[in-house]
Novice: 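One structure, pasted below without further comment.
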Amino acid sequence: MRRGWRWAAWALATVLLAAAGLGGVVVWQNSYALREEGVSLRHDGKLLRGVLARPERGDGPFGLVVFVHGDGPVDATHETFYRPLWESFARAGYASLSFSKPGIGGSQGDWLDQSMADRAEETLAAVAWARGRPDVDPRRIGLWGASQAGWVLPKVAARDRGLQFVIAVSPAVNWLAQGRYNLLAELRRAGATARERDAALRRRQTTLELLERGASFADYRAAVGDVGDMTPARWSFVSENHRSDATADLRAMRGTPLLLVLAGHDVHVDVTDTEAVYRRLLPPATLTVAHYPDATHSLVDDAVERSSWRLTLTAVLAPRKLYTDRFLADQARFLRQQDPGGEAP
């Protein structure tokens with residue numbers, strides 16, 4: 001019995017030592033070469049809280065990447081998912097600025113009350129705020145945005161001709177077309193039968209008819225029955241934004257250098273359609289397209305995203321490896337190409 005206890009004590013000590021070593025790895029892997037500063041901006045009568053992440057050394061003025069979030073309740077760091085990007089940009093000589101969405105991370109308001117035009121106004125306010133800082137070079141400010149930001153970035157760039165660049169990651173062009181593509185892609189991935197596919201398309205058609213006539217959430221619930229994760233606030237948000245289409249704004253922003261990032265396993269956005277529209281509307285000299293065949297919508301490798309344990313371990317032990325190969329380096333390279341005279345600190 002005593003021998004068994006000694007073995008148990010030795011095993012526990014080994015586990016604790018391993019955990020301590022692993023803890024050191026976790027701390028090291030989640031430490032970034034950045035100086036982060038909590039910042040705030042008052043816009044439309046509400047206080048927005050965010051983070052300005054500057055390069056580790058130097059006083060600037062630095063170039064700046066202003067982040068525009070995708071869908072959902074996103075805080076300034078996107079639950080730390082942005083930090084590897086910020087570090088990569090810092091090594092290219094650029095700071096990063098990101099505000100939590102209204103109602104998230106200390107920001108006032110409710111992000112579900114916003115239209116895409118509201119989000120564009122908010123982004124323009126963030127750019128104007130940044131231009132007033134002595135550590136930011138007002139001539140070297142650009143935008144980075146993902147997914148739903150595809151309807152915001154072109155609006156901002158069309159109005160602010162002083163922006164140096166735009167990086168659009170997995171953007172859609174037309175809200176309704178994206179929704180149909182996503183529905184069919186998810187059904188295929190789930191192995192849905194033809195009957196299930198037809199039922200889902202009929203439900204979608206009913207939903208579109210309700211949206212077009214401005215139906216209430218109660219009307220929607222009465223028509224479809226099980227509403228899933230749809231809430232009254234979400235229904236209001238969709239009602240406000242379901243006609244969103246980026247083509248007119250893309251056409252109006254001609255001349256701003258743009259990096260279009262597309263993933264090979266994107267079930268949310270029809271990347272073939274997106275690329276065709278961007279190539280048709282933007283001058284070839286201003287458009288750079290980067291393809292990542294193994295990546296999903298979030299630019300994580302498909303094999304990693306499909307495995308919950310690999311996704312968790314990678315996020316904890318090697319967060320920079322969450323993104324697909326070349327993604328971070330390619331974006332930093334794009335920034336350097338826009339600023340050939342600049343040097344990373």
Side-chain angles (χ1 to χ4, degrees), residues 69-74 111-112 114-116 119 145-154 168-247 250 260-278 291-306 308 311:
H69 308 305
D71 194 13
V74 185
W111 64 274
L112 285 169
Q114 292 186 307
S115 67
M116 296 302 108
R119 297 198 61 202
S147 193
Q148 192 182 94
W151 293 297
V152 181
L153 301 171
V169 180
S170 303
V173 175
N174 180 277
W175 184 294
L176 296 179
Q178 177 204 349
R180 188 177 194 279
Y181 173 85
N182 173 237
L183 173 64
L184 294 176
E186 294 283 9
L187 289 169
R188 282 195 302 272
R189 188 161 68 171
T193 65
R195 178 176 295 181
E196 289 169 334
R197 178 181 180 275
D198 291 343
L201 289 174
R202 285 195 301 272
R203 178 189 172 104
R204 169 183 161 78
Q205 185 58 38
T206 298
T207 301
L208 294 181
E209 291 169 0
L210 291 165
L211 289 170
E212 285 304 311
R213 61 182 173 90
S216 67
F217 178 73
D219 293 334
Y220 170 71
R221 182 168 51 198
V224 303
D226 181 10
V227 299
D229 57 1
M230 182 67 75
T231 64
R234 181 71 184 182
W235 177 257
S236 177
F237 178 78
V238 174
S239 298
E240 175 70 29
N241 293 292
H242 74 279
R243 295 185 182 90
S244 296
D245 186 281
T247 52
L250 283 167
L260 176 62
V261 176
L262 301 173
H265 290 269
D266 198 329
V267 297
H268 294 273
V269 171
D270 184 343
V271 296
T272 301
D273 178 70
T274 291
E275 181 174 1
V277 172
Y278 273 65
H291 289 275
Y292 300 91
D294 297 328
T296 64
H297 183 68
S298 59
L299 274 296
V300 173
D301 272 355
D302 183 60
V304 174
E305 192 168 292
R306 284 176 176 269
S308 58
L311 187 63

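When a residue number appears, it is its place in the shown sequence, counting from 1. The structure displayed is predicted, hence computed values, not measured ones.
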Novice: Tell me every residue that passes side-chain hydrogen bond (donor to acceptor under 3.5 Å, both in side chains) with Thr207, counting only those two or more places apart in sequence or in another chain.
Specialist: none

Novice: Can you run down the ring pair (Phe, Tyr, Trp, His ring centres under 6.0 Å) pairs that involve residues 176-219, sequence neighbours left out, and say none if there aren't any?
Specialist: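 Of all non-adjacent pairs touching residues 176-219, none passes ring pair (Phe, Tyr, Trp, His ring centres under 6.0 Å).
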
Novice: Quick one: list whatever passes salt bridge (Lys or Arg N to Asp or Glu O under 4.0 Å) with Arg188, sequence neighbours left out.
Specialist: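 Scan of Arg188 (salt bridge (Lys or Arg N to Asp or Glu O under 4.0 Å), adjacent residues dropped) gives none.
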
Novice: Determine whether Ser170 and His268 make a side-chain contact, defined as any pair of heavy atoms from C-beta on separated by less than 4.5 Å.
Specialist: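 Counting from C-beta outward, Ser170 and His268 never come under 4.5 Å.
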
Novice: Could you pull out all residues at least two apart from Tyr278 that satisfy ring-ring contact (aromatic ring centres under 6.0 Å, His included)?
Specialist: none

Novice: Please give me the minimum heavy-atom distance between Met230 and Trp235, naming the atom from each residue.
Specialist: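 So the minimum-distance heavy-atom pair works out to SD-N, 3.5 Å.
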
Novice: Only counting residues at least two apart or in another chain, list the ones meeting side chain to side chain contact (heavy atoms under 4.5 Å, CB included) with Ala276.
Specialist: none

Novice: Taking only residues two or more places apart in sequence, or in another chain, which ones meet Asp294 in a salt bridge (Lys or Arg N to Asp or Glu O under 4.0 Å)?
Specialist: none

Novice: Would you check if the side chain of Ser236 reaches a backbone N or O of Pro232 as a donor-acceptor pair within less than 3.5 Å?
Specialist: no

Novice: State, to 0.1 Å, how close Gly150 and Ala246 come at their nearest heavy-atom pair, and which atoms those are.
Specialist: O-CB, 3.7 Å

Novice: Indicate the atoms forming the closest heavy-atom contact of Pro171 with Thr274, along with that distance.
Specialist: O-OG1, 3.1 Å

Novice: Would you mind listing every salt bridge (charged side-chain N to carboxylate O under 4.0 Å, His left out) that reaches into residues 225-241, with sequence neighbours excluded?
Specialist: Asp71-Arg234

Novice: Checking Trp175 side chain against Asp245 main chain: does a donor-acceptor pair fall under 3.5 Å?
Specialist: no

Novice: I'd like to check the ring-ring contact (aromatic ring centres under 6.0 Å, His included) partners of His265; sequence neighbours left out, ordered by chain and number.
Specialist: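 His265: no ring-ring contact (aromatic ring centres under 6.0 Å, His included) contacts found.
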
Novice: State which residues pass side-chain hydrogen bond (donor to acceptor under 3.5 Å, both in side chains) with Arg204; sequence neighbours excluded, sorted by chain then number.
Specialist: none

Novice: Can you name the closest pair of heavy atoms from Val267 and Asn182 and give their distance?
Specialist: O-ND2, 2.9 Å

Novice: By salt bridge (Lys or Arg N to Asp or Glu O under 4.0 Å), which residues pair with Arg213, not counting sequence neighbours?
Specialist: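 With sequence neighbours excluded, Arg213 shows a salt bridge (Lys or Arg N to Asp or Glu O under 4.0 Å) to no residue whatsoever.
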
Novice: For Arg243, give me all partners under salt bridge (Lys or Arg N to Asp or Glu O under 4.0 Å), at least two apart in sequence or on another chain.
Specialist: Glu212

Novice: What's the shortest heavy-atom distance between Ser147 and Gly70, and which atoms?
Specialist: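 Closest pair (atom of Ser147, atom of Gly70, distance): CB-CA, 4.4 Å.
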
Novice: Taking ring-ring contact (aromatic ring centres under 6.0 Å, His included) as the definition, give me every residue that meets it alongside Phe237, ordered by chain and number, with sequence neighbours left out.
Specialist: Trp111

Novice: If you apply the rule side-chain contact (heavy atoms from CB on, under 4.5 Å), what do you find for Asp270 with Gln178, and how did you get there?
Specialist: CA-CA 7 Å; Asp270 184 343; Gln178 177 204 349; over 6 Å; no

Novice: For the residue pair Asn241 and Gln114, what are the closest heavy atoms and their distance?
Specialist: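 Scanning both residues, the minimum pair turns out to be ND2-O, 3.2 Å.
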
